[in-house]
Amino acid sequence: MDFKQFNLHPQIQAGVEALGYVTPTPIQLQAIPPVMDGQDVMGLAQTGTGKTAAFGLPMLHRLMQGERGRVRALIVAPTRELAEQINDALNEMGKLTRLKSVTVYGGVNINNQIKRLKEGVEIVVACPGRLLDHISQGTVDLSKVEMLVLDEADQMFDMGFLPDVKRILKVLPYVRQTLMFSATMPDDIRKLAHDILKKPVTVQVDRAAPAATVSHALYPVAQHLKTPLLFELLKHTDTESVLIFTRTKHRAKRVGEQLEKSGYKAASLQGNLSQNRRQAALDGFRDGTFQILVATDIAARGIDVSLISHVINYDIPDTPEAYTHRIGRTGRAAKTGDAFTLVANEDDLMVRAIERVLGNKIERRSVEGFDYNVPAPKKDAEFVRPPREPQRRKESPAKPSKPAAGRHAVGAGAKSAPRPASHAARRSGGR
Ligand code: AMP
């Protein structure tokens with residue numbers, strides 16, 4: 001099975017070859033033919049499965065025919081990082097096509113986006129809030145959209161973007177091809193799919209699939225000893241790049257700073273960093289300037305770092321689905337990865353729920369020589385109460401971590417869905 005079977009336009013086939021893709025992934029095998037056929041598709045797949053090419057290749061193929069300089073394809077994504085990632089992937093796949101795309105999201109100057117839109121593009125990759133700004137200002141014309149992709153629909157819903165998405169849908173032509181991708185299928189997403197997809201073909205990749213090349217381990221430890229244990233793990237593990245997940249922004253920042261102080265090349269990525277700082281942290285992680293990235297689920301959503309060797313859950317995620325999302329960042333595309341989870345006593349129920357989803361018991365490990373009996377300091381304010389749920393409220397931007405000379409560290413990663421927040425909070429994430 002190779003990509004030639006899809007009969008993609010030769011310039012797109014050449015792009016696939018330049019990227020080094022040889023064998024289509026399961027979601028690509030299932031989704032490309034119906035999308036090429038013009039059918040609506042509901043894709044149940046998470047990041048890491050190759051879903052971007054599953055919709056991107058047939059999209060580029062379709063756009064090769066027809067008018068240029070008009071917006072003919074719209075991709076709506078929940079986060080800026082995902083929008084950028086999709087745009088980068090489309091640019092690479094379509095390198096030889098001279099099709100043009102633009103990303104549209106908040107937190108950056110709108111005028112550059114207006115300029116790009118005026119110059120004429122065929123593809124817009126947008127977050128909902130800023131796209132609505134353009135729609136209301138009349139700076140984007142979506143009347144010629146033939147193809148709509150809603151990516152990470154469940155995340156969009158969790159972030160409270162559904163009303164925005166519905167407003168966007170109202171300005172799109174009724175006759176169009178619609179594709180929806182979601183890692184999970186809660187009732188709200190099922191209803192949205194029912195409302196907006198016409199006779200959809202449903203394609204699904206096994207949720208446990210990304211885990212197949214990942215080895216999982218649990219490290220039971222008291223809350224107050226998590227940081228020292230993390231340092232021990234990093235010291236004794238041969239890692240390339242590590243994505244560490246914490247439950248709160250405060251923790252992501254603190255752990256990032258502690259690692260940096262100890263000489264690791266580490267940065268933290270939290271929901272409310274300024275766009276420039278987020279980008280600097282992401283770029284630095286991608287290019288190896290930072291070997292450890294500490295992030296909350298929401299901040300890490302959509303990160304695609306193909307070299308992640310380790311995902312470390314400093315805090316266990318809130319749901320089993322969030323666990324598979326997180327560990328989906330490692331062990332991609334025939335590489336193997338490790339997923340370590342630090343677990344405290346109170347995490348027992350969640351551990352069992354995760355094991356049920358994986359269909360396996362996860363190995364419990366302890367680090368030799370580590371003193372698990374150090375008592376908690378009397379005034380340990382942070383661990384008196386269990387950590388709060390992630391919030392998406394606006395806060396002042398945190399200081400970016402600077403690279404520190406020193407030892408290499410390893411990575412781990414994960415993502416989970418936060419609860420919807422206030423209107424103001426949505427705006428801070430979406431525009
Ligand atoms: P995605 O799920 O779209 O975020 O893709 C995950 C990663 O897999 C990205 O780094 C892609 O470049 C890579 N990828 C996608 N399709 C293939 C393929 N057929 N062969 C090898 N790598 C792929």
Side-chain angles (χ1 to χ4, degrees), residues 1-6 8 12-33 35-36 41 43-61 75-95 101 103 123 125 149-155 179-184 203-214 240-241 243 282-283 285-288 300-309 311 321 324-337 411 413-415:
M1 286 282 192
D2 64 22
F3 281 89
K4 291 208 180 79
Q5 69 185 302
F6 300 128
L8 292 162
I12 296 160
Q13 177 65 29
V16 169
E17 280 160 25
L19 274 172
Y21 295 176
V22 178
T23 314
T25 65
I27 191 78
Q28 291 161 1
L29 280 173
Q30 291 181 58
I32 292 177
V35 181
M36 296 272 279
V41 167
L44 281 158
Q46 58 196 39
T47 301
T49 52
K51 71 181 159 71
T52 316
F55 66 75
L57 293 171
M59 171 184 284
L60 293 167
H61 176 85
I75 301 160
V76 184
T79 63
R80 304 174 265 215
E81 285 77 22
L82 183 62
E84 277 300 337
Q85 209 172 284
I86 293 169
N87 191 49
D88 288 348
L90 290 172
N91 282 332
E92 287 189 46
M93 292 184 280
K95 212 177 229 160
S101 63
T103 49
I123 306 170
V125 189
V149 180
L150 297 180
D151 199 10
E152 304 217 345
D154 51 351
Q155 171 76 349
L179 317 177
M180 202 162 129
F181 286 85
S182 189
T184 57
V203 298
Q204 177 165 12
V205 292
D206 185 4
R207 201 184 288 154
T213 55
V214 176
E240 287 165 31
S241 62
L243 183 54
L282 282 170
D283 290 347
F285 191 47
R286 230 171 256 141
D287 69 20
R301 185 98 189 187
I303 289 181
D304 165 29
V305 185
S306 39
L307 289 177
I308 289 174
S309 64
V311 168
E321 268 150 14
T324 37
H325 268 102
R326 288 186 180 186
I327 56 103
R329 308 290 168 59
T330 186
R332 286 177 173 208
K335 293 197 180 76
T336 55
K415 61 182 172 177

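For ligands, and for the atoms within them, numbers begin at 1 and follow the listed sequence.
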So, the side chain of E84 versus the backbone of E81: is there a donor-acceptor pair under 3.5 Å, distance only? no
Taking the side chain as every heavy atom from C-beta outward, state whether N91 and S101 have any atom pair closer than 4.5 Å. yes
Quick one: which of L150, L90, L179 gives a side chain to side chain contact (heavy atoms under 4.5 Å, CB included) with I75? L90
A student checking ligand 1 against T49 at a 4.0 Å heavy-atom cut-off should list atoms 2 (O)
Atoms of ligand 1 under 4.0 Å from any heavy atom of T52, numbered from 1 in the order shown, are 1 (P), 3 (O), 4 (O)
In ligand 1, which numbered atoms sit nearer than 4.0 Å to a non-hydrogen atom of G50? 1 (P), 2 (O), 3 (O), 5 (O), 15 (C)
Mark up the atoms of ligand 1 that fall under 4.0 Å of a heavy atom belonging to F3, in ascending order. 19 (N)
Mark up the atoms of ligand 1 that fall under 4.0 Å of a heavy atom belonging to T23, in ascending order. 18 (C), 19 (N), 20 (N)
Heavy-atom closest contact (I86 atom, A77 atom, distance): CD1-CB, 4.1 Å
Can you check whether T184's main-chain N or O pairs, donor with acceptor, with D154's side chain at less than 3.5 Å? yes
